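First comes the structure, then the notes that go with it.
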Amino acid sequence: MDALGLLHTSPVHVPVFDGLRDSEHPGLELRHHVEEELLARARREGPDAVVPEVRAALQRVAGGGGAGSGGRAVRAVLCTCSTIGGVAEALGGELGVSVVRVDRPMAAAAVVAGPRIVVLAAVASTVGPTSTLVEEEARRAGRDVSVRAVVVEGAWERFEAGDAAGYAEGVARAVRDVRDADAIVLAQASMAGAEALVPEVRVPVLSSPRLGLAAAAALVAGSGQG
């Protein structure tokens with residue numbers, strides 16, 4: 001099997017995706033690349049401001065293997081940052097590599113669950129891209145949805161301070177506070193830890209890492225066969 005490249009904007013994602021690979025996709029080689037400044041600048045100036053930097057980062061990720069280096073070729077790239085995911089996905093065709101934004105499979109699952117979708121985000125910069133993505137997947141599926149977004153106050157500060165437990169619990173509290181929803185979407189991959197804390201919530205609470213990795217792994221497996 002060829003390799004999957006991953007473009008992260010935080011190093012905390014590396015062990016998360018390694019763990020998912022070990023449990024669900026054994027044998028899949030992951031090539032991690034962390035570019036923290038991409039998110040910092042996208043938050044300050046907007047995702048469009050980092051197009052050249054994302055292009056360069058994807059070129060580095062996609063070039064991390066192949067015949068010239070003696071390693072397995074990188075056949076697809078998974079962008080695990082929701083803020084820059086749309087930018088990365090759009091650049092994939094230009095670079096000749098399949099780019100999966102980690103939250104697209106999650107958005108597709110959300111629109112199947114029902115028309116009232118709440119997007120919870122830890123940073124405001126993700127609200128627009130994730131809400132737009134859900135609406136795009138709804139159009140693709142021929143479904144009408146209403147998308148309501150909520151920024152979880154104080155969550156990102158805990159994340160940046162390294163308080164993973166406090167971050168997850170803050171997101172979980174926000175999940176419990178949601179009313180009138182058919183699905184709750186956790187916009188950032190880093191929010192996935194809250195999913196296990198809310199077993200009492202009766203509607204689907206969707207996070208992106210497992211679904212996104214599965215979609216990207218399928219692309220790599222398909223390229224290896226063809």
Side-chain angles (χ1 to χ4, degrees), residues 3-26 28-43 47 50 53-54 56-58 60-62 64-65 74-89 91-92 97-107 109 119-123 125-126 129-130 133 152 155-172 185-197 205-220:
L4 173 65
L6 292 94
L7 176 59
H8 308 292
T9 53
S10 172
V12 304
H13 298 313
V14 173
V16 171
F17 283 90
D18 278 344
L20 286 171
R21 182 272 316 278
D22 292 346
S23 63
E24 300 184 12
H25 307 281
L28 176 63
E29 181 180 346
L30 302 184
R31 305 267 181 84
H32 298 285
H33 296 257
V34 180
E35 307 267 356
E36 294 184 79
E37 178 55 29
L38 290 177
L39 177 57
R41 186 174 172 204
R43 289 185 66 199
V50 296
E53 289 81 1
V54 173
L58 288 172
R60 287 191 290 274
V61 178
V74 172
R75 294 301 185 190
V77 177
L78 178 64
C79 178
T80 66
C81 176
S82 300
T83 297
I84 66 167
V87 171
E89 186 181 57
L91 289 168
V97 63
S98 297
V99 177
V100 178
R101 55 184 293 180
V102 72
D103 48 357
R104 183 174 289 282
M106 173 180 65
V119 172
L120 295 183
V123 291
S125 63
T126 305
T130 304
L133 177 62
V152 184
W156 195 247
E157 289 77 7
R158 291 195 172 192
F159 176 82
E160 290 186 313
D163 181 8
Y167 176 54
E169 183 50 49
V171 174
V185 168
L186 304 182
Q188 273 92 26
S190 59
M191 302 169 81
E195 196 175 355
L197 302 180
V205 179
L206 301 168
S207 61
S208 60
R210 177 173 283 102
L211 296 172
L213 182 60
L219 277 178
V220 172

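Just so it is clear, the model here is predicted, and its values are computed rather than measured.
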Any chance you could lay out the salt bridge (charged side-chain N to carboxylate O under 4.0 Å, His left out) test for R158 and E169, step after step, and finish with the verdict?
CA-CA 10 Å; R158 291 195 172 192; E169 183 50 49; over 6 Å; no
If you define the side chain from C-beta out and look only at heavy atoms, does anything of V185 sit under 4.5 Å from T130?
yes
Once you round to the nearest 0.5 Å, how far does OG1 of T80 lie from NE2 of H33?
12.0 Å
Out of curiosity, L120 CG to L206 CG, how far, rounded to the nearest 0.5 Å?
11.0 Å
Below 4.5 Å, heavy atoms only, C-beta onward: do E89 and V100 meet side chain to side chain?
no
Of the non-hydrogen atoms in V152 and G170, which two are nearest, and what is the gap between them?
CG1-O, 3.7 Å
When every non-hydrogen atom of V34 is compared with those of T9, the smallest separation belongs to CG1-C, 4.4 Å
What's the spacing between D18 CG and L6 CG if we round to 0.5 Å?
8.5 Å
Hey, are the side chains of L219 and R75 touching, using non-hydrogen atoms and a 4.5 Å cut-off?
no
Non-hydrogen atoms of V99 and G92 that approach each other most closely
CG2-CA, 3.6 Å
Do L78 and F17 come close enough that some side-chain heavy atom pair is under 4.5 Å?
yes
Pairwise side-chain contact, L28 with V220, heavy-atom cut-off 4.5 Å (strictly under):
yes
Smallest heavy-atom separation, E36 atom then S10 atom, equals CG-CA, 4.3 Å
If every non-hydrogen atom of V50 is compared with every non-hydrogen atom of A42, which pair is closest and at what distance?
CG1-N, 3.9 Å
d(H32 NE2, L4 CG) to nearest 0.5 Å is 8.5 Å
F159 and V123: side-chain contact (heavy atoms from CB on, under 4.5 Å), yes or no, with the steps?
CA-CA 11 Å; F159 176 82; V123 291; over 6 Å; no
So, the side chain of R21 versus the backbone of E29: is there a donor-acceptor pair under 3.5 Å, distance only?
no
How long is the gap from OG on S23 to CZ on R210, to the nearest 0.5 Å?
6.5 Å
Exercise answer: donor-acceptor pairs, residues 81-88 side-chain atoms, under 3.5 Å, sequence neighbours excluded:
{"from": "S82", "atom 1": "OG", "to": "D103", "atom 2": "OD2", "distance (Å)": "3.4"}
{"from": "S82", "atom 1": "OG", "to": "A187", "atom 2": "O", "distance (Å)": "2.5"}
{"from": "T83", "atom 1": "OG1", "to": "S125", "atom 2": "OG", "distance (Å)": "3.1"}
{"from": "T83", "atom 1": "OG1", "to": "T126", "atom 2": "OG1", "distance (Å)": "2.8"}

Angle between ring planes, W156 versus Y167, binned at 30° and 60°: parallel, tilted or perpendicular?
perpendicular
May I ask you to test the L38-E53 pair for a side-chain heavy-atom distance under 4.5 Å?
yes
side-chain contact (heavy atoms from CB on, under 4.5 Å) evaluation trace for L133 with R104:
CA-CA 7 Å; L133 177 62; R104 183 174 289 282; 3.4 Å; yes
S207 vs E195, side-chain hydrogen bond (donor to acceptor under 3.5 Å, both in side chains): CA-CA, chis, key distance, verdict:
CA-CA 7 Å; S207 61; E195 196 175 355; 2.4 Å; yes
Decide yes or no for L213 and E24: does some side-chain heavy atom of the first lie under 4.5 Å from some side-chain heavy atom of the second?
no
Interatomic distance, E35 atom CD to R41 atom CZ [nearest 0.5 angstrom]
13.0 Å
Please report the closest heavy-atom contact between G193 and A168, naming both atoms and the distance.
C-CB, 4.1 Å
